[in-house]
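Notes to accompany the following structure.
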Amino acid sequence: STTGELLLNALCLPPFWEHPWPEQAPPPPPPLLPPPCWSIEIKPKAGCLPSAPHILANSPKHWYSRYHMHQHYKVKQHAIQEISLYSPLDFFAKDVNRVKKALGHLWDHPQNNFKLFRNGQRQSIVPGHNKKGMLLQVTAAVLMQEHQVRSNVLGVQQRDVLDFEKEYWASWLKRNGGTGVEAATPKGIYRCHMDGETMNDVQNFVLARTAMDCSLVLSFSPLDHSDGEGKRAVVGRTQTKERGGVVHVKDEETNEGLWYQYRVVVVDLDLKPMGKLKKWVELDERIVAHFYKTEHGCRECRGVRKDL
């Protein structure tokens, strides 16, 4: 016998030419993929009209959001092609229909205020997106359930009692040892001799401007509606710096409900540098001056005016 046969005999195995081929095993089932995680980043901008007492009585600032007026100026500068009808006042409202309206306008004209991600990958935002209805519906539901987050951001925005009026800042700096708006640097501001009330106004101005440029990031993914344990587990994990939980949303087309787990976090909270004050004031002056010329001939303006 050959050496190979001796080895097979020792292992009690028949030679391979006598070993029947086994039937081919079916391939294993594909692993279950986790549900997609959607993230939406929203930069809502200023959700309140300025309350500074030195704003002129006929200023459009009393009726129109700065966002809307800035849209007109951006069109003039060819920075955008169309004016967005998005209103930050709607976004911060307690009425869910106004919130949905704001989200719809953000989707139609996202610009730099609305970004969409799927599993961390940036997605294109197009009018015919097959997930648009679901995404905006869940986002609105989360925003309503976590209204306190929007309320906190809006509360900080409303702490500004100074606004960008050039006349005020120029005279204020002059009274406090500055030479005009040009003195508005971090050192220039804090070298001024200010009483406690004035310093408090300036600090609130910086905080408010920071809140007006922050972003909200909402992340959510669907849960199995029968997974009661999962829902309790998600709620239990939300005692962190982030807000989160679960929300139930009914599909408007199928009328079927689905649970989503979510979290909300506020980002972009670096304090605005006062060294940019001169730039802010000059830009504000150009925005308002241009809006004076276009307000009466703009059909879109009527839809976003506060008193209409």
*With side chain to side chain contact (heavy atoms under 4.5 Å, CB included) as the test, would you mind laying out the steps for L89 and L49 before giving the verdict?*
CA-CA 8 Å; L89 279 65; L49 300 180; 4.3 Å; yes

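- Residue L143 holds its CG atom at 4.5 Å from CZ of F91, rounded to the nearest 0.5 Å.
- Closest of all the heavy-atom pairs between C214 and V267 is CB-O, 3.4 Å.
- Going from atom CG of L154 over to atom CD of Q148 covers 11.0 Å, rounded to the nearest 0.5 Å.
- In this pair, F205 and W280 present their aromatic rings tilted. The plane angle is within the 30 to 60° band.
- One hydrophobic cluster holds both M144 and V153 under the rule that ILVMFWY side chains link at heavy-atom gaps under 4.5 Å.
- K272 pairs by the salt bridge (Lys or Arg N to Asp or Glu O under 4.0 Å) definition with D213, not counting sequence neighbours.
- Using bins of under 30°, 30° to 60° and over 60° for the plane-to-plane angle, the ring pair H290/H72 lands in the tilted bin.
- Heavy atoms from other residues, nucleotides or ligands lying under 6.0 Å from CG of D270 number 12 at most.
- Looking at residues two or more places apart in sequence or on another chain, you find no salt bridge (Lys or Arg N to Asp or Glu O under 4.0 Å) involving K115.
- Applying the ring-ring contact (aromatic ring centres under 6.0 Å, His included) criterion to Y67, with sequence neighbours excluded, gives Y86.
- A ring-centre distance under 6.0 Å is not found for H109 and H105.
- Taking CZ of R66 as the reference point, atom CG of L283 lies at 5.5 Å (rounded to 0.5 Å).
- The main-chain N or O of D160 is never found under 3.5 Å from a side-chain atom of R209 such that the two would form a donor-acceptor pair.
- Side chain of Q157 to backbone of A211: a donor-acceptor contact under 3.5 angstrom is found.
- S39 OG to L218 CG: the interatomic distance, rounded to the nearest 0.5 Å, is 8.5 Å.
- How far OH of Y262 is from CD1 of I40: 14.5 Å, rounded to the nearest 0.5 Å.
- Residues Q111 and E82 share a closest heavy-atom pair of NE2-O, 4.0 Å.
- Atom OG of residue S84 and atom CD of residue Q71 lie 5.0 Å apart, to the nearest 0.5 angstrom.
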